Novice: 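Dumping the structure here so I can ask a few things about it.
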Amino acid sequence: MKSPLLSLPGAVPAEGVDEGVAAHYGDLFREQRALADGTGFVDLSHRGVLTVSGEDRLSWLHLLLTQHVSDLPPHQATEALVLSAHGHIEHALYLVDDGETVWAHVEPGTQDALIAYLESMKFFYRVEVADRTGDFAVVHLPAGSITEAPEGVVVRETPYGRDLFLPRTDLESYAEKAGPAAGLLAYEALRVEAHRPRLGFETDHRTIPHELGLIGTAVHLQKGCYRGQETVARVQNLGKPPRRLVFLHLDGSEVHLPPHGTEIRLADEGPDGRKIGFVTTSVRHHELGPVALALVKRNVPTDAPLMADTTAAAQEVVVEP
């Protein structure tokens, strides 16, 4: 869906999976600083929105998700994953229950496959799953924001800010009150700074939760069975994940940022060295300069200088080896 906020002054459309909202509104660093200071908002109306209603909604979701949600209190935000039978991450959900309905937003374009999976698992449970993407838009208010949510709007409150499930018809009028608008690039820069992984960026077809540090945040270790739990328990109790998420400080003299998928090698092995990982998200941060998240092999020394293609990179540990 194309956001009406792309008509705001200076709006430059995002590309790829984030198509439909603004990448920025003409001043990337000003927008970042505004969010870091707790002002403004981010249009995330391209994200999928789904609801689960019915009296069995929490107990049913508890059986399917990696998170403990059977006793989730109303208005308490959480996040959860859907795993494959082999424990690989397939979906990421950002949830809140309003006392009658579970609301979730998900990565753009993933809601259809997720809803199809949930529908296939309903059996005799008293639940109703609905795609609400056409009716509701996600708007993000940064941590520290004093902007009020409209009455009756469902809110997910997290340490990183508030996600509002706003009626799509109210998006333009709300933007006039909640400004200034910040684009997705500013939002992504703060996400990378906070080491927060994103489905489809920090994940590939074989990513398991341990590699991204999601144990305890999106994966609860003290709950009943769910698809992929055997892999989660085995790695947690008996082994180590094959890869780990790292935060990279990139050489600031480079003009271009290494894009998603850029191969990473040990600096002392040169450009022909073996591939030991890849860049997942790279951004320009208003204070830190060019930085990135990346997945590297677990046994890569934590103090080893790296190269992202031809860009020098120093790593910070996110997930312990």
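Just so it is clear, the model here is predicted, and its values are computed rather than measured.
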Novice: What is the minimum heavy-atom distance between Pro209 and Gly87, and which atoms define it?
Specialist: CD-O, 3.6 Å
Novice: Taking the side chain as C-beta and beyond, is there a heavy-atom pair between Trp60 and Val52 under 4.5 Å?
Specialist: yes
Novice: When you check the side-chain N and O atoms of His46 and Glu19, is any donor under 3.5 Å from an acceptor?
Specialist: no
Novice: Roughly how far apart are Leu118 CG and Tyr125 OH, rounded to 0.5 Å?
Specialist: 13.5 Å
Novice: Side chains of Thr207 and Asp204: is there a donor and an acceptor less than 3.5 Å apart?
Specialist: yes
Novice: Start with the C-alpha distance between Leu212 and Leu214, add both sets of side-chain angles, then the distance that settles side chain to side chain contact (heavy atoms under 4.5 Å, CB included), and finish with yes or no.
Specialist: CA-CA 6 Å; Leu212 304 183; Leu214 293 175; 3.9 Å; yes
Novice: So that I can tick it off, tell me whether Asp272 and Arg265 are bridged by a salt bridge, with the cut-off set at under 4.0 angstrom between side-chain N and carboxylate O.
Specialist: no
Novice: Please evaluate residues Val96 and Thr78 with respect to the criterion side chain to side chain contact (heavy atoms under 4.5 Å, CB included), reporting the C-alpha separation (whole Å), side-chain torsions for both, the decisive distance (0.1 Å), and the verdict.
Specialist: CA-CA 6 Å; Val96 67; Thr78 191; over 6 Å; no
Novice: Have a look at Arg244 and tell me which of Glu211, Gln315, Glu320 forms a side-chain hydrogen bond (donor to acceptor under 3.5 Å, both in side chains) with it.
Specialist: Gln315
Novice: Any cation-pi pair here, Arg227 with Tyr117, using under 6.0 Å and within 45°?
Specialist: yes
Novice: Taking atom CD1 of Ile208 and atom NE2 of His86, what is their separation to the nearest 0.5 Å?
Specialist: 13.0 Å
Novice: Run the numbers on Val246 and Leu293 for side chain to side chain contact (heavy atoms under 4.5 Å, CB included), then give the verdict.
Specialist: CA-CA 6 Å; Val246 296; Leu293 293 174; over 6 Å; no
Novice: Taking Arg57 for its side chain and Gly54 for its backbone only, find out whether a donor-acceptor pair lies under 3.5 Å.
Specialist: yes
Novice: Find the distance between CZ (Arg156) and CG (Leu141) and round it off to the nearest 0.5 Å.
Specialist: 13.0 Å
Novice: Any side-chain heavy-atom pair from Leu245 and Glu202 closer than 4.5 angstrom?
Specialist: yes
Novice: Between Phe41 and His140 (judged by ring centroids, cut-off 6.0 Å), do the two rings come close enough to count as a pair?
Specialist: no
Novice: Any side-chain heavy-atom pair from Val102 and Leu58 closer than 4.5 angstrom?
Specialist: yes
Novice: Are a donor atom and an acceptor atom from the side chains of Asp43 and Ser3 found within less than 3.5 Å of each other?
Specialist: yes
Novice: Please say which of Arg191, His260, Arg198 ends up in a side-chain hydrogen bond (donor to acceptor under 3.5 Å, both in side chains) with Thr281.
Specialist: Arg191
Novice: Establish, yes or no, whether the cationic atom of Arg132 lies under 6.0 Å from the six-membered ring centre of Phe165 and within 45° of the ring axis.
Specialist: no
Novice: Compute whether any side-chain donor of one residue and acceptor of the other, for Asp131 and Thr133, lie under 3.5 angstrom apart.
Specialist: yes
Novice: Write down the atom of Ser45, the atom of Arg168, and the distance for their closest heavy-atom approach.
Specialist: O-NH2, 2.9 Å
Novice: Do you know the tightest heavy-atom contact between Tyr187 and Leu35?
Specialist: N-CD1, 3.9 Å
Novice: Please report whether the ring centroid of Trp103 lies less than 6.0 Å from that of Phe136.
Specialist: yes
Novice: Which pair of heavy atoms, one from His210 and one from Thr231, lies closest together, and at what distance?
Specialist: CE1-O, 4.4 Å
Novice: So Val42 and Glu31, do their side chains get closer than 4.5 Å, heavy atoms only?
Specialist: no
Novice: About how many Å separate CZ of Arg234 and CD of Gln229, when rounded to the nearest 0.5 Å?
Specialist: 11.5 Å
Novice: Specify the closest pair of heavy atoms between Lys122 and Glu128, including all atoms of both residues, with the distance to one decimal.
Specialist: NZ-OE1, 3.8 Å
Novice: When the ring centroid of His68 is compared with that of His62, is the distance short of 6.0 Å?
Specialist: yes
Novice: Under 4.5 Å between side-chain heavy atoms, counting indirect links through other Ile/Leu/Val/Met/Phe/Trp/Tyr residues: same cluster for Val300 and Phe278 or not?
Specialist: no
Novice: Looking at Gln32, His285, Glu188, which one forms a side-chain contact (heavy atoms from CB on, under 4.5 Å) with Glu193?
Specialist: His285
Novice: Would you give the length of the straight line joining atom CG of Leu250 to atom NE2 of His256, rounded to the nearest 0.5 angstrom?
Specialist: 14.0 Å
Novice: Provide the closest heavy-atom pair for Asp98 versus Pro74 in the form atom of the first, atom of the second, distance.
Specialist: C-CB, 4.4 Å
Novice: Stepwise, does the side chain to side chain contact (heavy atoms under 4.5 Å, CB included) test hold for Val21 with Leu6?
Specialist: CA-CA 6 Å; Val21 296; Leu6 284 172; 5.6 Å; no
Novice: For the CD atom on Glu269, are there more than 12 heavy atoms of other groups (residues, nucleotides or ligands in this structure) within a distance under 6.0 Å?
Specialist: yes
Novice: Could you tell me if the side chain of His195 sits less than 4.5 Å from the side chain of Phe247, heavy atoms only?
Specialist: yes
Novice: Contact between Leu248 and Val291 at the side-chain level, heavy atoms closer than 4.5 Å - yes or no?
Specialist: no
Novice: More than 12 foreign heavy atoms under 6.0 Å from CD of Glu230: is that the case here?
Specialist: no
Novice: Is it the case that the side chains of His105 and Arg47 hold a donor-acceptor pair, with the cut-off being a distance below 3.5 Å and no angle test?
Specialist: yes
Novice: Measure the CZ-CG distance between Arg243 and Asn299 for me, rounded to the nearest 0.5 Å.
Specialist: 13.0 Å
Novice: Please evaluate residues Asp37 and Thr39 with respect to the criterion side chain to side chain donor-acceptor pair (under 3.5 Å), reporting the C-alpha separation (whole Å), side-chain torsions for both, the decisive distance (0.1 Å), and the verdict.
Specialist: CA-CA 6 Å; Asp37 291 340; Thr39 60; 5.7 Å; no
Novice: Flag yes if more than 12 heavy atoms outside Lys223 fall under 6.0 Å of its NZ atom; otherwise flag no.
Specialist: yes
Novice: With the side chain counted from C-beta on, respond yes when Leu5 and Leu171 share a heavy-atom pair under 4.5 Å apart, and no when they do not.
Specialist: yes
Novice: Less than 4.5 Å apart, any side-chain heavy atom of His220 and any of Thr66?
Specialist: no
